[in-house]
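Predicted model, so just to flag it, every value in this text is computed and none were measured.
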Amino acid sequence: MIVCVAVVGHQNNPLYIQSFTEADDALKLHHIVHCSLDVVDERVNNPKKSSPTLNETFLGLLYPTENYKVYGYLTNTKVKLILVTTDLDVRDADVRNFFRKFHAAYVDAVSNPFHVPGKKITSRTFAERVSTIVKSFGLSSGS
């Protein structure tokens with residue numbers, strides 16, 4: 001189950017963070033997202049140790065915690081998309097598919113002429129699309 005998604009700007013400023021849990025652990029999830037930025041920077045700045053190709057935008061599993069697994073995706077404009085899940089056995093293909101849809105929703109949101117680049121994403125349509133993508137991820141990985 002996806003518990004949190006985030007869009008983080010190229011200067012590590014949060015553009016969108018949404019948690020999908022009923023509990024009051026939003027602050028903990030925000031902390032996990034911000035901790036994952038160090039791992040993203042490490043992988044981007046030292047590509048020889050991690051990913052096989054420099055053009056790969058999917059960063060894969062950034063790090064597992066006791067209760068969560070954190071995945072990352074880097075856009076061409078150095079915007080980071082972060083996924084926090086409680087599932088321990090997530091298929092790589094499902095996560096890649098999620099990020100492909102999430103990235104498409106992000107591109108549509110920032111392509112809005114009323115969106116100011118570098119500012120938080122406040123679009124209700126974007127939030128609804130992300131919610132739909134998160135729900136569909138839960139259904140596809142459960143089969």
Side-chain angles (χ1 to χ4, degrees), residues 1-23 25-112 115-143:
M1 178 180 115
I2 294 176
V3 292
C4 182
V5 295
V7 178
V8 182
H10 67 279
Q11 296 176 330
N12 289 341
N13 53 322
L15 301 177
Y16 180 83
I17 296 181
Q18 178 65 47
S19 58
F20 297 96
T21 59
E22 288 81 24
D25 54 356
L27 187 62
K28 179 171 68 170
L29 293 171
H30 288 210
H31 177 72
I32 289 171
V33 166
H34 283 286
C35 288
S36 69
L37 297 178
D38 292 335
V39 180
V40 171
D41 287 341
E42 193 176 299
R43 292 214 183 154
V44 169
N45 294 331
N46 301 321
K48 59 186 176 293
K49 288 194 288 187
S50 56
S51 63
T53 61
L54 292 172
N55 297 338
E56 182 69 41
T57 56
F58 177 65
L59 299 173
L61 179 66
L62 297 178
Y63 70 95
T65 65
E66 190 173 309
N67 301 320
Y68 304 109
K69 280 191 169 184
V70 183
Y71 293 89
Y73 182 94
L74 186 69
T75 68
N76 293 337
T77 56
K78 305 297 182 217
V79 172
K80 300 145 195 94
L81 306 179
I82 307 292
L83 164 69
V84 182
T85 180
T86 56
D87 294 335
L88 298 177
D89 55 345
V90 180
R91 292 190 316 230
D92 233 21
D94 289 339
V95 178
R96 284 178 186 267
N97 191 33
F98 168 83
F99 276 125
R100 187 180 51 76
K101 292 176 184 175
F102 190 30
H103 187 208
Y106 166 74
V107 168
D108 288 346
V110 297
S111 296
N112 182 343
H115 174 74
V116 180
K119 298 293 182 190
K120 289 191 180 237
I121 301 171
T122 57
S123 166
R124 199 175 317 129
T125 307
F126 177 72
E128 290 168 359
R129 269 186 79 180
V130 169
S131 212
T132 303
I133 294 167
V134 166
K135 288 175 186 164
S136 71
F137 179 85
L139 295 175
S140 67
S141 65
S143 58

Exercise for review: Kindly assign one of parallel, tilted or perpendicular to the pair Phe102 and Phe98, based on the angle between their ring planes and the thresholds 30° and 60°.
Suggested key: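 Ring orientation of Phe102 relative to Phe98: tilted.
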Might you point out which heavy atoms bring [X] and [Y] nearest each other, and give the distance in Å?
| X | Y | result |
| --- | --- | --- |
| Asn13 | Gly118 | ND2-O, 3.4 Å |
| Tyr71 | Val90 | OH-CB, 3.8 Å |
| Tyr68 | Ile32 | CD1-CD1, 3.4 Å |
| Pro14 | Lys120 | O-CG, 3.7 Å |
| Ile121 | Tyr16 | O-CD1, 3.7 Å |
| Cys35 | Tyr63 | CB-OH, 3.5 Å |

Practice item. Only counting residues at least two apart or in another chain, list the ones meeting salt bridge (Lys or Arg N to Asp or Glu O under 4.0 Å) with Arg96. Key: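 Checked Arg96 against salt bridge (Lys or Arg N to Asp or Glu O under 4.0 Å); matches are Glu56.
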Exercise for review: May I have the step-by-step check of side-chain contact (heavy atoms from CB on, under 4.5 Å) for Val5 and Phe137, ending in yes or no?
Suggested key: CA-CA 12 Å; Val5 295; Phe137 179 85; over 6 Å; no
Exercise for review: Verify whether one side chain among Lys80 and Asn12 offers a donor that lies under 3.5 Å from an acceptor in the other.
Suggested key: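 There is such a pair (donor and acceptor under 3.5 Å, judged by atom type) between the side chains of Lys80 and Asn12.
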**Study point:** Thr77 side chain to Thr75 side chain, donor-acceptor N/O pair below 3.5 angstrom
**Key:**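 A pair is found: one side chain offers a donor N or O, the other an acceptor, under 3.5 Å apart.
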What distance separates [X] [atom1] from [Y] [atom2], expressed to the nearest 0.5 Å?
| X | Y | atom1 | atom2 | value |
| --- | --- | --- | --- | --- |
| Phe99 | Asp94 | CZ | CG | 12.0 Å |
| Asp41 | Asn46 | CG | CG | 10.0 Å |
| Gln18 | Ile2 | CD | CD1 | 12.0 Å |
| Ser36 | Ile82 | OG | CD1 | 3.5 Å |

Practice item. Check the pair Tyr73, Leu83 against side-chain contact (heavy atoms from CB on, under 4.5 Å), reporting the backbone distance first and the verdict last. Key: CA-CA 9 Å; Tyr73 182 94; Leu83 164 69; over 6 Å; no
Review point. Does the side-chain contact (heavy atoms from CB on, under 4.5 Å) test come out yes or no for Val110 and Val79, once each step is laid out?
Key: CA-CA 12 Å; Val110 297; Val79 172; over 6 Å; no
Practice item. Could you go through the side-chain contact (heavy atoms from CB on, under 4.5 Å) check for Arg43 and Val39 one step at a time? Key: CA-CA 6 Å; Arg43 292 214 183 154; Val39 180; 4.3 Å; yes
Check your understanding: Less than 4.5 Å apart, any side-chain heavy atom of His34 and any of Leu37?
Key ->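 Answer yes - side chains close enough.
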Going by atom type alone, with no hydrogens or angles, which donor-acceptor pairs under 3.5 Å involve a side-chain atom of residues 123-133 and a protein atom two or more places apart or on another chain?
residue, atom, partner, partner atom, Å
Ser123, OG, Thr125, N, 3.3
Ser123, OG, Phe126, N, 3.1
Arg129, NH1, Asp108, OD2, 2.5
Thr132, OG1, Glu128, O, 2.9

Check your understanding: Only one of Asn67, Val3, Thr21 clears side chain to side chain contact (heavy atoms under 4.5 Å, CB included) with Thr86; which?
Key ->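 When Asn67, Val3, Thr21 are each tested with Thr86, the side chain to side chain contact (heavy atoms under 4.5 Å, CB included) holds only for Val3.
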